[in-house]
Amino acid sequence: MTDHQLPPAPELGEIDMFDASVPADLEAHLQPSDAIIQARNLTKQYGPLTALNDFTLDVPRGSIFGIIGPNGAGKSTAFSILATLLEPTVGSARVCGANPVTQAREVRKKMGYMPDVMGVYERLTVAEYLQFHAAAYKVPRNEWPELVDGLLQLVDLDVKATSLVDRLSRGMKQRLSLARAMVHDPELLILDEPASGLDPRARIEFRELLVALQDMGKTILISSHILAELQQMCTDIAVIEAGTLLAAGTPQSIIDQLGNGRRVKVSFADGTTEEFSITDLAGQAELLRRLVIEDDREVVEFAEISTDLEGLFLQITQGIVQ
Amino acid sequence: MSSIAARFQNLNPVLDRELRQRSRSAKSVVMMSFLLVLLTGVLYLVFIATEQNNRFQDPLDRLSTGVGATMFEWVLFAELFLLLLIIPGVSASAISGERDRQTLIPLQITLMGRNGIFFGKVAASSAFVLLLLVASAPLLAVPYLLGGISLFRILMGFFVTLATGVLYATLGVACSAFFRRTQTATLMTYVLVVFMTVGTLVIIVIMQILSTLNGDFDDPSVWPLYANPFVGLAAAAGEFGRGFNNVGPFSGIKEGLFGDNFGGQDRSGRPDFLISLGVQATFVAFWVILALRKLKLPKAEVD
Ligand SMILES: Nc1ncnc2c1ncn2[C@@H]1O[C@H](COP(=O)(O)OP(=O)(O)O)[C@@H](O)[C@H]1O
Ligand SMILES: [Mg+2]
C-alpha cells in the first residue's frame with residue numbers, strides 16, 4: 001500500500017492548473033472531484049530508445065484533456081501505461097484511484113479505452129458486437145437491450161444495429177469503437193487518436209459527441225497529432241515531443257506561456273522580411289520607432305503573426321525533432 | 001427453466017460469440033463434409049479389403065471373422081489422423097487471429113481476464129472437435145452392426161478420441177497465444193503434433209538401436225510411446241486376444257506394447273490409456289502455462 005504515496009506534480013512552467021502541493025493520495029481522498037489521472041515520472045524504455053521520458057501529468061476530473069504531439073512522440077506509449085496494457089520502466093500512476101500496474105482490474109472497471117487501431121469481427125452484427133463486450137464486462141444480460149439501444153443512439157448508429165460490423169464505414173467503426181469503450185459506463189475515456197483518418201464531417205460529428213460525453217460527466221483523455229482537432233473542444237492541452245512533455249494547461253495558458261507576447265513580421269522596401277518578438281503594444285511602438293527612425297529602414301508592411309496553437313505548436317516543437 | 005437461463009447467462013462470452021460466428025460460416029460445414037467423405041472412403045475400402053480376404057469362407061462365418069472390429073479400428077485410426085490434421089488449422093488462429101484483427105486488446109482490457117479469454121477459446125475449439133466427432137459417429141455404428149465388437153469399445157474409442165482432440169485443440173490455442181503470428185502458431189502446432197506422433201516413434205527406434213548396440217537384447221523400454229496419441233487410443237480402443245481376422249491397427253499396437261506376450265506380464269488390468277492421456281495432458285499443460293504468461297497484462301514490452 002506504500003505505492004499510494006505519489007510525489008506531487010512538479011510545476012510545468014508557470015501554468016500549472018492545479019494545486020499539486022497536497023500529497024496525491026490525500027488529495028484523492030479529500031477531493032474526489034479532482035485529478036482522475038495522476039501520472040508521476042512515467043518513463044518507458046524500449047531498449048536504447050526512450051519512448052516516454054519522465055512524464056508527469058494530472059488530468060482533472062470532468063475535463064477533455066488533449067495530448068498533442070507528432071507521430072512517435074510517445075502518446076500511445078503513455079496511454080498504454082495508463083490503460084493497464086504496458087508497464088512503465090520507471091514511475092507510477094493512479095487512474096480512477098487505482099494503480100494501473102498492480103490494480104489493473106480496478107482501473108478497467110472505471111476506464112474505457114479506445115486503441116489507435118480498431119479491430120472488428122467478421123460475421124457479427126453491430127448490436128452483437130456491443131453485447132459481446134457488455135458480456136465481457138460482466139454487465140447483466142437483462143440490461144443489454146437498453147444499454148445497446150442507448151449507446152447506438154448516442155453514437156448515431158441505431159439504424160445500423162443489425163448491420164455487420166465489417167461493413168461499416170470508417171467513421172461508423174470509430175463511433176462503434178467509442179460505444180464499445182463505454183459499455184460498462186466508465187467515468188474516464190482514454191481515446192488514442194480517435195479522429196485520425198476521418199473525413200472533416202465525421203471529425204466534427206465525433207467532436208460534438210465528445211462534448212456531449214463531457215456534459216454527461218465523463219472525463220476524456222484524447223490524443224492527436226493534428227492540433228486543430230483538439231484546440232476547439234479541449235479544456236486542457238499538453239504538448240509532448242520525443243517522449244517529453246513540453247507544456248500543459250488550458251489552450252489559452254499555453255499560448256500565453258509559450259507565445260510570451262506576440263510576433264510581428266516586417267517587410268522592407270528592398271523585398272526582405274524579418275520577424276521580431278514583442279511583449280506588448282508599447283514594445284510594438286518601440287520596435288517600429290527603432291526600425292524607422294534609428295535604423296532608417298523603409299518599412300512597407302508591419303503585420304502581427306497570429307499565434308494560434310498550430311503556429312505555436314510548430315514553434316514549441318521545432319529543433320527537438322531533426 | 002430459470003436455472004437453465006441462468007446457466008446460459010454465464011456462458012463464456014468468447015465461446016458464445018465464436019459459436020454465433022461459426023454458425024454463419026460455411027467453413028465448419030466444409031470441414032465436416034471433408035471428414036465424412038474421407039472416413040466413408042476408409043470404411044468402404046476396409047470393407048472391400050476384408051471381404052476379399054474372407055471370400056472363401058462360409059458367409060455365415062463372416063460375422064465372427066472380425067470384419068466389424070477391423071473396420072472400427074481403421075475408421076477410428078483415420079479419424080484421429082484427420083482430426084490431428086484439422087485441429088491445428090482451426091485452433092492455432094484462436095488468439096493470434098484476434099491479434100491480427102486488432103480485437104485482442106479491447107478484449108484483454110475487459111473484465112474477462114486471461115483465463116476467461118483463453119479457456120473460452122479452448123471451449124470454442126473443443127466444441128468444434130465434438131461437432132466433428134458427433135457428425136461422424138454413425139460411421140462407428142456401422143462396424144457395430146456388423147458385429148464382432150462391443151459397444152463398450154466403441155464408446156471408449158469415441159471418448160478417448162474426443163479427449164485427445166480437446167487436448168490438441170488446447171495445444172493449438174496455447175500456441176496461438178504464445179506465438180505472435182497465426183502462421184507461426186499453426187506451423188508450431190503441427191510441429192508439436194508431428195513430434196508427439198512421429199517423433200515418439202523415432203525416439204523409440206533410436207532407443208532400440210542403442211540398446212541393441214549395448215548388447216542389451218531384453219525388453220527395451222517403450223515409455224516415450226505413452227506420449228503418442230495413437231498409442232493412447234490403441235490402449236483404449238484395441239483389444240487383447242483379438243478376434244480371428246481382426247487386422248485393425250489398434251489391437252496390433254495394444255498387444256505389441258502392452259500385451260502379456262511382451263515382457264511377460266499381463267497388463268490388461270492397467271489403464272494404459274489414462275496414463276497416455278495424462279502424459280499428453282502434462283505436455284499440453286506446459287504450453288498452456290507459457291500461453292497464459294504471454295496473455296498477462298500489463299506487460300513489460302508491447303508486441
Ligand atoms: N513495441 C515497441 N518497441 C520498440 N519501440 C517502440 C514500440 N512501440 C513504440 N515504439 C517507439 O516509441 C516511440 C513512441 O511511440 P508511440 O508511443 O507509438 O508514439 P505516438 O503514439 O505518439 O505516435 C516511437 O519512437 C516508436 O517508434
Ligand atoms: Mg500513437
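Protein chains get the first letters and strands the later ones, always in sequence-line order, with residue 1 at the start of each.
- Heavy atoms from other residues, nucleotides or ligands lying under 6.0 Å from NZ of A/K218 number more than 12.
- In this structure, the side chains of A/Y121 and B/T103 come closer than 4.5 Å at one or more pairs of heavy atoms.
- Atom CZ of B/F283 has more than 12 heavy atoms from other residues, nucleotides or ligands within 6.0 Å.
- Using a 4.5 Å cut-off between heavy atoms, B/S23 does not touch chain A at all.
- Side chain of B/R101 to backbone of A/G119: no donor-acceptor contact under 3.5 angstrom is found.
- The shortest distance between side-chain heavy atoms of B/L297 and A/R108 falls below 4.5 Å.
- Between the side chain of A/K44 and the backbone N or O of B/A300, at least one donor-acceptor pair lies under 3.5 Å.
- When heavy atoms are compared at a cutoff of 4.5 Å, A/P88 does not approach chain B at all.
- Between B/E18 and A/R123, no side-chain nitrogen of the basic residue sits less than 4.0 Å from a carboxylate oxygen of the acidic one, so the salt-bridge criterion is not met.
- The contact between A/V120 and chain B is made entirely by backbone atoms, counting heavy-atom distances below 4.5 Å.
- Atom CD1 of B/I105 is separated from atom OH of A/Y113 by 6.0 Å, given to the nearest 0.5 angstrom.
- A donor-acceptor contact shorter than 3.5 Å links the side chain of B/Q21 to the backbone of A/E122.
- In A/E146, the CD atom is not crowded: 12 or fewer heavy atoms of neighbouring residues, nucleotides or ligands sit closer than 6.0 Å.
- The candidate with the highest count of non-hydrogen atom pairs below 4.5 Å against chain A, out of B/L107, B/D100, B/L104, is B/L107.
- For B/E98, the part sitting under 4.5 Å from any heavy atom of chain A is the side chain, from C-beta outward, and nothing else.
- For B/Q102, the CD atom counts as densely surrounded, since its 6.0 Å shell holds more than 12 non-hydrogen atoms of other residues, nucleotides or ligands.
- Using a 4.5 Å cut-off between heavy atoms, A/E106 makes no contact with chain B at all.
- Taking the charged nitrogens against the carboxylate oxygens, A/E128 and B/R20 do have a contact shorter than 4.0 Å, which makes a salt bridge.
- The choice from A/M118, A/R105, A/K109 that makes the most heavy-atom pairs within less than 4.5 Å of chain B is A/R105.
- Of all non-hydrogen atoms in B/P106 and A/P115, the two that sit nearest each other are CG-CG, 4.2 Å.
- By the neighbour-count criterion of 12 heavy atoms within 6.0 Å, atom CZ of B/R24 is densely surrounded, having more than that number from other residues, nucleotides or ligands.
- Within the 4.5 angstrom heavy-atom criterion, only backbone atoms of A/A83 (N, CA, C, O) approach chain B.
- In this structure, A/L85 and B/I109 have side chains that are in contact, with non-hydrogen atoms separated by less than 4.5 Å.
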